[in-house]
Amino acid sequence: MGGRSEEGISFLTKTENDWNKGEVLACHNYWHLALYHIERGDHAPAVDIYDSEVGRRCKSGAMLDLVDAASLLYRLELEGIGGNSERWKEQLDLWRSHFDDHILVFNDAHMLMCALGAKDNSAANKFMTSLREFIQNGWGTQNDIFKCVGLKILEAMELFDKGDAAGAVDTLYPVRYKIVDV
């Protein structure tokens with residue numbers, strides 16, 4: 001994020017009353033604010049922002065809000081901040097109705113984050129089965145992107161979640177220059 005976390009925190013905090021009433025924009029700005037705290041290694045404010053703003057606002061069902069919530073939880077997990085099992089389960093419940101959508105690889109990656117974060121293997125398997133069926137029977141630009149790179153990204157996420165970082169890298173390496181297509 002450019003290493004300007006102090007400036008980001010200051011700006012978003014000073015202007016919060018200007019943007020916090022907006023629906024989608026507010027959730028996304030709170031997500032940025034939490035990321036600035038994570039970048040500083042200050043995790044408690046990021047968790048507080050999730051609980052007071054991002055997690056609450058994502059119940060709107062807006063896809064960007066759902067993506068923001070999943071992304072923030074995932075980043076906290078990568079930072080070693082656990083204790084999120086109930087948050088993950090709540091997120092997974094909000095995503096379940098979208099398991100068969102496959103509108104964007106980006107969204108599907110965040111859906112899978114929730115299933116993996118919730119440690120719900122049944123949900124992860126159901127989602128991945130639906131995705132593979134879409135890849136086999138679907139059509140269109142997103143289907144092409146899923147075939148070319150999207151499935152590999154999600155398979156790498158599954159491997160990483162199982163502790164197989166080397167397998168995740170091996171899976172992503174052949175498609176590394178195609179990830180930009182997502």
Inset, instruction - Just grab all the side chain to side chain donor-acceptor pair (under 3.5 Å) pairs involving residues 104-115, residues at least two apart or on different chains. - result: His102-Asp108

Legend entry - Which residues share a side-chain hydrogen bond (donor to acceptor under 3.5 Å, both in side chains) with Ser60, sequence neighbours left out: Asp65

Legend entry - Backbone of Lys126 reached by a side-chain donor or acceptor of Ser130 within 3.5 Å: no

Legend entry - Residue pair Met128 / Asn125, side-chain heavy-atom distance below 4.5 Å: no

Inset, instruction - With rounding to the nearest 0.5 Å, note down the distance linking CG in Leu33 to CD1 in Ile49. - result: 3.5 Å

Inset, instruction - May I ask you to check whether Ser71 and Arg75 show a side-chain donor-acceptor distance below 3.5 Å? - result: yes

Inset, instruction - Kindly indicate, with the supporting measurements, whether the criterion side chain to side chain contact (heavy atoms under 4.5 Å, CB included) is fulfilled by Gln91 and Cys58. - result: CA-CA 9 Å; Gln91 284 302 306; Cys58 73; 3.0 Å; yes

Legend entry - Donor + acceptor pair across side chains of His98, Asp101 (<3.5 Å): yes

Legend entry - Side-chain touch Asp120/Leu92, heavy atoms, less than 4.5 angstrom: yes

Inset, instruction - Is it possible for you to say whether Ile179 and Phe146 belong to one hydrophobic cluster, with membership spreading through side-chain heavy-atom contacts below 4.5 Å? - result: yes

Inset, instruction - Provide the full list of salt bridge (charged side-chain N to carboxylate O under 4.0 Å, His left out) pairs with a residue in residues 172-182, sequence neighbours left out, each pair given once. - result: none

Inset, instruction - Locate the shortest heavy-atom distance separating Leu154 from Leu112; write the atom from each residue and the value. - result: O-CD2, 3.4 Å

Legend entry - Separation of Asp48 CG from His43 NE2 (nearest 0.5 Å): 13.0 Å

Legend entry - Under the salt bridge (Lys or Arg N to Asp or Glu O under 4.0 Å) test, residues paired with Lys59 that sit two or more places apart: Glu90

Legend entry - Least distance between heavy atoms, Ala124 atom then Leu116 atom: CB-CD2, 4.3 Å

Legend entry - Under the side-chain hydrogen bond (donor to acceptor under 3.5 Å, both in side chains) test, residues paired with Trp95 that sit two or more places apart: none

Inset, instruction - Applying side-chain contact (heavy atoms from CB on, under 4.5 Å), name anything that partners Lys89, two or more places apart in sequence or on another chain. - result: Glu86, Ala118

Inset, instruction - Answer yes if the side chains of Trp31 and Glu53 hold a donor-acceptor pair under 3.5 Å, and no otherwise. - result: no

Legend entry - Spacing of OG belonging to Ser52 relative to OH belonging to Tyr30, to within rounding of 0.5 Å: 7.0 Å

Legend entry - Within one Ile-Leu-Val-Met-Phe-Trp-Tyr cluster: Leu72 and Leu78, side-chain cutoff 4.5 Å: yes

Inset, instruction - Please test Val105 against Val149 for side chain to side chain contact (heavy atoms under 4.5 Å, CB included), starting from the C-alpha separation and ending with a verdict. - result: CA-CA 9 Å; Val105 173; Val149 66; 5.7 Å; no

Legend entry - Rounded distance [0.5 Å steps], CZ in Phe106 versus CD in Gln142: 12.0 Å

Inset, instruction - Quick one: pull up CG in Asn17 and CH2 in Trp19 and give me the separation to the nearest 0.5 Å. - result: 9.0 Å

Inset, instruction - Can you measure from SG (Cys27) to CG (Asp68) and round to the nearest 0.5 angstrom? - result: 5.0 Å

Legend entry - With Asp93 via salt bridge (Lys or Arg N to Asp or Glu O under 4.0 Å) - residues at least two apart: Arg96

Legend entry - Nearest non-hydrogen partners of Leu12 and Tyr36, listed with the distance: CD1-CE1, 3.8 Å

Legend entry - Test salt bridge (Lys or Arg N to Asp or Glu O under 4.0 Å) applied to Glu6 - qualifying residues, sequence neighbours left out: Arg40

Inset, instruction - Taking all heavy atoms of Val175 and all of Cys148, pick out the closest pair and write down the distance. - result: CG1-O, 3.6 Å

Inset, instruction - For Leu159, enumerate each residue passing the side-chain contact (heavy atoms from CB on, under 4.5 Å) test, keeping only those at least two apart in sequence or located in another chain. - result: Asp164, Ala168, Thr171

Legend entry - Taking every non-hydrogen atom, the tightest pair across Asn20 and Ala26: O-CB, 3.6 Å

Legend entry - With Thr129 via side-chain contact (heavy atoms from CB on, under 4.5 Å) - residues at least two apart: Glu133

Legend entry - Flag, side chain of Glu77 to backbone of Gly117, donor-acceptor distance under 3.5 Å: no

Inset, instruction - For Arg87, check side-chain hydrogen bond (donor to acceptor under 3.5 Å, both in side chains) against everything at least two apart and list the hits. - result: Asp51, Asn84

Inset, instruction - Take atom CZ of Phe11 as the centre, draw a 6.0 Å sphere, and report whether it contains more than 12 heavy atoms from other residues, nucleotides or ligands. - result: no

Legend entry - Heavy-atom closest pair, residues Ile38 and Ala46: CG1-CB, 3.6 Å

Inset, instruction - Only counting residues at least two apart or in another chain, list the ones meeting side-chain contact (heavy atoms from CB on, under 4.5 Å) with Lys147. - result: Ile135, Asn143

Inset, instruction - In plain terms, say whether Arg4 and Glu39 are close enough for a salt bridge, that is, a side-chain N and a carboxylate O under 4.0 Å apart. - result: no

